[in-house]
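Step one of this worksheet: look at the structure below.
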Amino acid sequence: MLLDRLKADLAELDTRALRRTRRSVATPCAPHVRVDGRDMLAFCSNDYLGLAADPALAHALQVGAAYWGAGSGASHLVSGHYAVHDELEARLATFVGCERALYFSTGYMANTGTIPALVGRGDAIFADRLNHASLVDGALLSRAELHRYAHGDPAALERALATSSAKRKLIVTDAVFSMDGDVAPLATLLELAERFDAWLMIDDAHGFGVLGAGGRGAVAEAGLASWRLIYVGTLGKAAGVSGAFVAGNADVVEWLMQKARTYIFTTGAPPALAEALLASLGLIEHGDERREHLAALVALLRRELALARWQLLPSRTPIQPVLIGDNAEALAVARALWDEGLWVPAIRPPTVPQGTARLRISLTAAHCADDVRCLAHALNRLEARQ
Ligand SMILES: *Cc1c(COP(=O)(O)O)cnc(C)c1O
C-alpha cells in the first residue's frame with residue numbers, strides 16, 4: 001500500500017539518522033531564545049546583522065501595515081504592485097550598483113524563476129557542485145543541460161565551458177557557500193564568462209549586508225560590474241525581513257519581469273514588507289559598527305577553538321562550520337551542546353555531501369564575545385570527551 005511504503009521510508013530516515021525535526025521558538029529571533037521551555041544560546045540564524053528583531057524594522061512594518069494593510073491582493077503584473085515596491089527596487093538597484101532590480105517574494109523563487117527565464121533546452125548551465133538547492137532546482141526546471149563543476153574550481157569550469165557547444169551558456173554560483181562559508185572566486189568566474197560568452201549569475205544570499213563597503217555584498221567587494229552579471233540578493237538573512245531581489249542590466253531585468261514564472265504567477269509580497277525593507281537598507285548601509293563587531297566575533301571563535309579531530313573549515317564569513325563527518329556523531333555533538341544550553345544545528349546529507357556532516361555555527365552582530373567563548377570552550381571540551 002502507498003501509505004505503508006511511505007511509513008517505511010520515514011522509518012528508514014530514522015535508521016540513517018536523517019530524520020529532521022523542528023524546534024518551536026517562543027521568543028523573537030535573537031542569540032538568547034526560549035525553546036521548548038528552555039533558555040538557549042543560539043548559533044543557528046542567518047540574521048547576521050541582528051536586524052530581524054530590531055525595533056526600527058518592526059516599527060516600519062507596523063507603520064507600513066497601518067497604511068497598506070496586510071496583503072497586496074494580486075500578483076505584481078495584475079494589481080498587486082505598489083509604489084513602495086518601486087521605491088524598494090530603485091533603492092536596491094542603486095545600492096548594489098546595478099541598472100535595475102526586481103523584488104521577488106523569496107530567494108528560492110528568485111532563483112527558480114530567473115534560471116529558466118535565461119536558458120532552456122539546447123542551452124547549458126555550469127554550476128558549482130555546492131550551490132544552494134534553489135539554484136539546482138532552477139537549473140532542473142529550465143531543462144538546460146546541467147554541468148556541475150568541482151567546488152570553487154575555475155579550471156574545472158573552464159574545461160566544461162571549452163567543450164560545450166550549447167547555444168547559450170549560464171554560469172551559476174553561490175557567492176558565499178551556505179554550508180561552508182567560503183567565497184567563490186568571482187573575478188575569475190567573470191573572466192571565464194567573458195571569454196566563453198556566458199551569463200554569470202551570483203547568489204549572494206549570505207554576502208548581502210555582510211560583505212563589501214556598506215554591506216553591498218560580495219560582487220561589490222570584488223569590484224565587479226558587467227551586463228553579463230545577474231546578482232541575486234536575499235532579504236530574509238542579513239536584511240532581517242523576507243524576500244529577495246535580482247539586479248543587473250535593465251533589459252535583463254525587464255526580461256525577467258516578462259518571463260520569470262515565480263514572479264508572474266504568485267501574489268505580490270505585502271507592501272508593508274517593502275516598508276520594513278527600506279528601513280533595513282538604511283541600517284545595512286550605516287551598519288559598519290555591526291559588521292566590525294561581527295568580524296571581531298569570527299576572529300575570536302577561530303582563535304578560541306582548538307580542535308584536533310574535527311575540522312573548523314576555512315571561512316572568513318559568519319558561517320563557521322565544524323566538520324565532523326559521521327551523521328550520528330554530528331547529531332550526538334549537537335545534542336550534547338543542546339544539553340549545555342547551546343543551540344547549534346547539525347547539518348547532514350542531503351544538504352551537504354555524504355560523509356561531511358557538520359555543525360553549522362553562524363555568528364551574528366547580536367552575539368557578544370562571551371557568547372562566542374562559551375561555545376568555543378564547550379566544543380573544545382566535547383571533542384576531547386568523544
Ligand atoms: C537561503 C538561501 C536562498 C533562499 O532564500 P530564501 O529567501 O530563504 O528563499 C537562496 N540561496 C542561498 C545560497 C541561500 O542560502
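Read the numbers this way: they start at 1 and go in the same order the structure lists the ligands and their atoms. The analysis underlying the following values was restricted to heavy atoms, covering all of them including side chains, and did not include hydrogens, waters or symmetry mates.
Under the 3.5 Å distance criterion, the side-chain polar atoms of Asn131 are matched with a main-chain donor or acceptor of Val172.
In summary, the side chains of His76 and Tyr103 do not present any donor paired with an acceptor at a separation below 3.5 Å, with no hydrogens or angles considered. Arg360 and Thr351 share no side-chain donor-acceptor pair at under 3.5 Å.
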(request) Tell me, with the steps shown, if Leu359 and Leu337 meet side chain to side chain contact (heavy atoms under 4.5 Å, CB included). (result) CA-CA 10 Å; Leu359 299 174; Leu337 287 169; 3.9 Å; yes
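More than 12 heavy atoms of other residues, nucleotides or ligands sit less than 6.0 Å from atom CZ of Arg129. Around the CZ atom of Arg261, the shell of radius 6.0 Å holds no more than 12 heavy atoms that belong to other residues, nucleotides or ligands.
If you look at ligand 1, the protein residues with a non-hydrogen atom under 4.0 Å away are Thr106, Gly107, Tyr108, Asn111, His132, Ser134, Asp174, Ser178, Asp203, Ala205, His206, Thr234, Lys237, Gly243.
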